[in-house]
Amino acid sequence: MTDRPVRVRFAPSPTGPLHIGGVRTALYNYLLARHTGGTMILRIEDTDQTRFVPGAEDYILRSLEWCGIQLDESPWHGGAYAPYRQSERKALYMQYAQQLLNTGNAYYAFDTPEELEAMRKRLKAEKVDFQYNSVMRMQMKNSLTLPADEVRRRIASGEPYVIRLKVPLKEEIRFTDLIRGHVVVQSSTIDDKVLMKSDGMPTYHLANVVDDHLMEISHVIRGEEWLPSAPLHVLLYRAFGWESTMPQFAHLPLLLKPEGEGKLSKRDGDKHGFAVFPLQWNNPETGESSRGFREDGYLPEALVNFLALLGWNPGTEQEIFSMEELIAAFSLERVNKSGAKFDINKAKWYNQQYIKAMSDEQLAGFLLQELDKQGLICSNEKAVLVARAMKERITFIHELVSAGRFFFEAPVAYDAETVAKKWTADAAKALTAFAELLKGWQGAFTPTAVKTALNDLLAQLGMKPGPVMPALRLAMTGSGGGPDLMEILAICGREETIRRIETAVKALV
RNA sequence: GCACCGUUCGUCUAGGGGUUAGGACGUAUCCCUUUCACGGAUAAAACACGGGUUCGAUUCCCGUACGGUGUACCA
């Protein structure tokens, strides 16, 4: 139980795009696997045929790849414990359910969903909670209350049935959660959960336990929403006689809404204008699309870093971690117990940090991609220069273009406030003289050379640079802020500079 | 309702029987910068409440409050 090789699994349901909380769960699994030299497994839990969404599986795979979470075993990578899709393991579950039936740990139940619903309603009116448990089961239609031959008859005639776990009446269930410590639950509070549904598919509980056992999973790391059903799973391991090799549990704190009152949801993202999915998702059924962190301009390294520190911390004051550093530092012991409100500001900060740390060439690559999307053309050399100039003033990749548009196109409008404050007749006169000077320019058009020339000119005219610079900036960029002015001139080039000055002087007189 | 889990600055968190309760994001101010950012500095900002235990509790125990999750033939 303790010294087994580490084998962890991330087990999503392909019911839609992978939620950011799911990404974090996958990440923690991955970090533990790599930290311990263990194995990272992805298992698709598609036992609910009614909720299958085409494209969701593929989305999960692409999301994990984008985040840099590598899988060792999965439906796509294969592995010694294949298949890794529960729908392809269907026959297996019936076999194990049968084992539980044989050992008296489970029973057939014939109550229809409608009957159960009616029962729940009736008891609710009497202010009693309905639980299909050790006391109620003797009043229901199942193989415990019906004569054996009738049970056989019903099954033979094809009547729908489910198989339920026969939860012991009074038993203490204790287990240790790696994050929360000892957890004790009385079996009387657990109901006789359905193990096999009437469509012949297992429920999560059965499939999960059977597969974790068969795949020799050592640690079950999953969201806190599973904590209440963990005792049931322990009971299942017990019923199967697998308690000695039961995986260790670690229930992760949840990602909460920024304003508190529940789990983070897609709605929160829409409401506050941020993504809750790694990649953009287009719902094939409704045609509706949801934004993704990638499309919003986040770097995967930044997202991973942000997510890792949401619920875990190394106990040091280090904030920036590469995946390698996360792997080295990670431990389940340092995962927090309480839920974390999702603060997109911190994600933005991380993104900014990662952009700043990127090489000019690398950033230029992203810039070229963005430009291409918008039908703008730029040389490689210029892209590197622009990347360097913009690096420290953007938060998102796409801002290279939106905030640096003037590098590629002359301004089409001028910021009114800056015009009012900074554009003067004197400045316009000086700029016109500067443009004239530029027309006869000889030699390299570098920031320092331009600066010297401009300062000399202003000195001749008896003017100070103070009032002229902002006007020149306005002519070049249309606004009052941005990278070093001389850099801008050099990057845009001599002729373009002349053109912009002349345009501005005409437009703003 | 019942079961389980949780509660340190607005947010993410460190810490832990005696601390000026530390860091980061965000906010504010200043410095740097003829702009904007980056960077640097400073500031405001927290132990949910009530009882114990103890010389001493934010830290341990018990309650309360609040929050979260679960309570499906969904995962």
Side-chain angles (χ1 to χ4, degrees), chain A residues 11-15 45-48 50-51 86 109 111-113 116-117 120 124 127-132 160-164 177 179-181 183-186 188-191 193-205 207-208 222-232 251 253-254 256-263 306 309-320 334 336-350 352 356 389-395 403 418 422 464-470 472-474 477 479-485 488:
Chain A
S13 283
T15 55
E45 308 226 325
D46 55 350
T47 53
D48 186 355
T50 65
R51 293 210 302 162
Q86 292 186 326
D111 320 272
T112 65
L116 291 173
E117 194 40 49
R120 261 188 274 269
K124 182 144 197 173
K127 297 225 190 292
V128 181
D129 281 327
F130 173 75
Q131 264 221 123
Y132 206 119
Y161 66 86
V162 299
I163 296 173
R164 284 180 183 272
D177 183 284
I179 294 167
R180 276 146 228 286
V183 179
V184 186
V185 180
Q186 302 300 325
S188 56
T189 64
I190 299 175
D191 58 354
K193 279 274 177 307
V194 170
L195 264 22
M196 289 295 292
K197 300 184 262 190
S198 56
D199 65 358
M201 286 297 261
T203 57
Y204 170 85
H205 307 292
N208 191 262
R222 77 232 294 191
E224 194 186 347
E225 68 266 31
W226 292 108
L227 191 55
S229 44
L232 170 77
H251 289 94
L254 263 19
L256 271 19
K257 293 177 185 296
E259 266 126 26
E261 20 83 43
K263 282 199 275 190
F306 166 64
L309 276 284
L310 215 50
W312 171 86
N313 77 83
T316 67
E317 283 176 1
Q318 186 176 351
E319 303 274 347
I320 304 291
R334 294 204 65 90
N336 274 102
K337 292 179 174 65
S338 45
K341 286 185 187 152
F342 193 82
D343 181 10
I344 198 65
N345 272 330
K346 196 103 180 200
K348 287 181 186 171
W349 178 76
Y350 271 112
Q352 193 187 102
K356 201 149 62 78
M390 294 304 292
K391 213 199 279 203
E392 282 176 352
R393 37 205 111 220
I394 59 169
T395 301
T418 314
K422 309 287 185 187
K464 291 220 180 312
V468 180
M469 294 301 197
L472 178 54
R473 176 179 294 281
L474 195 57
T477 72
S479 78
D484 182 81
L485 227 197
I488 295 175

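Naming: A, B, ... by sequence-line order, numbering from 1 per chain. Because the structure is a prediction, the values reported are computed rather than measured.
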Which heavy atom of [X] sits nearest to which heavy atom of [Y], and what is that distance?
X      : Y      : result
A:T47  : A:K197 : O-NZ, 3.2 Å
A:Q131 : A:I190 : OE1-C, 4.0 Å
A:K257 : A:K263 : CG-O, 3.3 Å
A:N313 : A:G315 : OD1-N, 2.8 Å
A:I488 : A:P483 : CD1-O, 3.6 Å

For [N], does OP1 or OP2 lie under 4.0 Å from any side-chain N or O of [X]?
X      : N      : answer
A:N313 : B:rA24 : no
A:K356 : B:rG39 : yes
A:K341 : B:rU11 : yes

Reading 5' to 3' through nucleotides 26-36 of chain B, protein heavy-atom contacts under 4.0 Å coded B for base, S for sugar-phosphate only, - for none: --------BBB

Nucleic acid footprint by protein, nucleotides 69-75 of chain B - heavy-atom cut-off 4.0 Å, B for base, S for sugar-phosphate alone: BS-SBBB

Ring pair (Phe, Tyr, Trp, His ring centres under 6.0 Å) partner of A:F306, chosen from A:F342, A:W312, A:W349: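 That would be A:F342; it is the only one of A:F342, A:W312, A:W349 passing the ring pair (Phe, Tyr, Trp, His ring centres under 6.0 Å) with A:F306.
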
Rounded distance [0.5 Å steps], CD in A:E45 versus CG in A:N208: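 If we round to the nearest 0.5 Å, A:E45:CD and A:N208:CG are 5.0 Å apart.
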
Under 3.5 Å on both distances, the Watson-Crick or G-U partner of B:rC38: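 None - no nucleotide pairs with B:rC38, as no candidate has both distances under 3.5 Å.
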
Mate of B:rA24 where both pairing distances stay under 3.5 Å, Watson-Crick or G-U: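 Pair assignment: B:rA24 / B:rU11.
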
Which is true for [X] with a 4.0 Å heavy-atom rule: it touches a base, it touches only sugar-phosphate, or it touches nothing?
X      : value
A:G223 : nothing
A:K337 : sugar-phosphate
A:R334 : sugar-phosphate

Nearest-Å distance once atom P is located in both B:rA46 and B:rU11: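 My reading of the P atoms in B:rA46 and B:rU11 gives 12 Å.
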
Whole-Å C1' distance, B:rG10 and B:rA48: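 Approximately 16 Å lies between the C1' atom of B:rG10 and that of B:rA48.
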
Which nucleotide in B:rA3, B:rG23, B:rA24 has an atom nearest any side-chain atom of A:V185: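 Given the options B:rA3, B:rG23, B:rA24, the side chain of A:V185 is closest to B:rA3.
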
Atom NZ of A:K422 with >12 non-hydrogen neighbours under 6.0 angstrom: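 Incorrect, the count does not exceed 12.
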
Flag for A:T50-A:D48: side-chain donor and acceptor within less than 3.5 Å: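 Note: A:D48 and A:T50 side chains meet the donor-acceptor criterion.
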
Interatomic distance, A:E259 CD vs B:rG67 C1' [rounded to whole Å]: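 After rounding, the reported distance stands at 15 Å.
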
A:L309 vs A:I179, nearer the 5' end of RNA chain B by closest nucleotide: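 Its nucleotide being nearer the 5' end, the pick is A:I179.
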
